Amino acid sequence: MSYIKVVLKSGKDQSMRRYHPWVFSGAIKKIYGQPAEGDIVEVFDNKDEYLGTGHYQIGSIAVRIVSFQQVEINEAFWKSQIKKAYDLRNVQGFIDNPETNAYRLVGAEGDNLPGLIIDMYDDTAVVQMHSIGMYLIKDTVDAILKELFGDALKAIYNKSEGTIPFKADVTPENGYTFGQSEARIALENGLKFRVDWEKGQKTGFFVDQRDNRALLEHYSKGRKVLNMFCYTGGFSFYAMRGGAELVHSVDSSARAIDLTNENVELNFPEDPRHDAFAVDAFKYLDDIKGKYDLIILDPPAFAKHNNVLNNALQGYKKLNAKAFEQIAPGGIIFTFSCSGVVTKENFRKSVFAAAARSGRTVRILNQLTQPADHPVNIYHPEGEYLKGLVLQVE
Ligand code: SAH
């Protein structure tokens, strides 16, 4: 099998020599032929030395490397890569786990499969492609999943409508590509939640906060908890199980508030400790002086691109400053950033600036990140997108 050859400009091979899986269009000197979007191409340096093989696409990232070895990219290759991801989740205890059946099976670059996300919710796989090359092999991916899980897999839902570049020559539609799933209640550490992969954000639930929610549970006893940006209420029902005195969930989306109420009801029917409000976070935080002693701040990504990084850092500063001003003495703050372009250091600086503005004594108790089913490829630091701090405020 011969693939179209892409040659890099002199000096532009350094990042690939360090196994970074992205080739930017500006690094390319010449393409020998006309690859279609999604085609497999081979990348060489200026002296004709092979560097890697990947999916070609028009855009700032021109090639997403799937192998640094010059092998044929066929069904057997994809199968072995997805099987590695499956085996890792098996080692980590996610497969057939009676307490937790929502987890990330494939996490793109973190599993050396750039452009492919697969989240499992009980017996349903939600597949999301972020590159045309991955979208073109969707039938192969489905066949591999069926083979790996056998009867344990009842449905596959493809949710790539909004994640493929709109100019591409494919027209993905969201929908089932195998079976149809009725059961929409999934489990996380024994707690129930309804997942709506058809209408929900991302693949339906933020599985990446699992470990951080579990930690929150241990901080919650006797506390008055504010879960800001609650979405489906994940942190709220963990706080309730942890023995919180009251839990208030806030999100600007009315639909998120409905989902939160539904999930709390599934776990703690008619529990008077919980209430939920559809309001803007920045407004809500203005008027709660001393009312809460545990506040969770898990906002949406304030920056998706480097050019808006400064605004994002200001946003984190402003948001955290409000929490520092308002939280009761001895309070605990769980604060997060899920923006890939915001580094751990930058996030910490924003929180530092917010703390300094309040003049209160603040200590870092825990430093948080994404869980083990969201592995970070050591050569692709951008994959470490979730960072958080647990703070105590005197
Ligand atoms: N903490 C959640 C995930 C949060 S996702 C979990 O554990 O699952 C971010 C949420 O912030 C979304 O639900 C979105 O509706 C909400 N949001 C965005 N802007 C907001 C604002 N200005 N005020 C309140 N909520 C907001």
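Predicted model, so just to flag it, every value in this text is computed and none were measured. Counting starts at 1 for both ligands and their atoms, in listed order.
- Between the choices Asp280, Val207, Asn212, Asp298, the shortest heavy-atom distance to atom 1 (N) of ligand 1 belongs to Asp298.
- Cation-pi geometry between Arg360 and Phe324 is not satisfied (NZ or CZ under 6.0 Å from the ring centre, within 45° of the ring normal).
- Counting the atoms of ligand 1 from 1 in the order shown, those under 4.0 Å from a heavy atom of Ser253 are 15 (O).
- Taking a cutoff of 4.0 Å between a charged side-chain nitrogen and a carboxylate oxygen, Glu198 and Arg184 qualify as a salt bridge.
- Here is the list of ligand 1 atoms found below 4.0 Å of a heavy atom in Phe235: 7 (O).
- Contact annotation: Val279 has at least one heavy atom less than 4.0 Å from an atom of ligand 1.
- With ligand atoms numbered from 1 in the order given, ligand 1 contributes 9 (C), 11 (O), 18 (C) to contacts under 4.0 Å with heavy atoms of Pro300.
- Nearest protein heavy-atom contact of atom 4 (C) of ligand 1 is Phe229 O, 3.2 Å.
- Taking the charged nitrogens against the carboxylate oxygens, Asp111 and Arg89 do have a contact shorter than 4.0 Å, which makes a salt bridge.
- Scanning the protein for heavy atoms near atom 15 (O) of ligand 1, the closest one is Asp251 OD1, 2.6 Å.
- A salt bridge links Asp48 with Lys5: the distance from a Lys NZ or Arg NE/NH1/NH2 to an Asp or Glu carboxylate oxygen falls below 4.0 Å.
- Cation-pi check for Lys146 over Phe178 is met; the charged atom lies under 6.0 angstrom from the ring centroid and within 45 degrees of its normal.
- The proximity of Arg213 to ligand 1, defined as any non-hydrogen pair under 4.0 Å, is limited to the side chain.
- A salt bridge is defined here as a Lys NZ or Arg NE, NH1 or NH2 lying under 4.0 Å from an Asp or Glu carboxylate O, and Lys344 with Glu384 meets this definition.
- Here the protein heavy atom with the shortest distance to atom 17 (N) of ligand 1 is Ser252 OG, 3.5 Å.
- Note: Trp78 and His55 meet the aromatic proximity criterion, with ring centroids under 6.0 Å apart.
- The option with the heavy atom closest to atom 23 (N) of ligand 1, from among Gly233, Ala281, Ser249, is Ala281.
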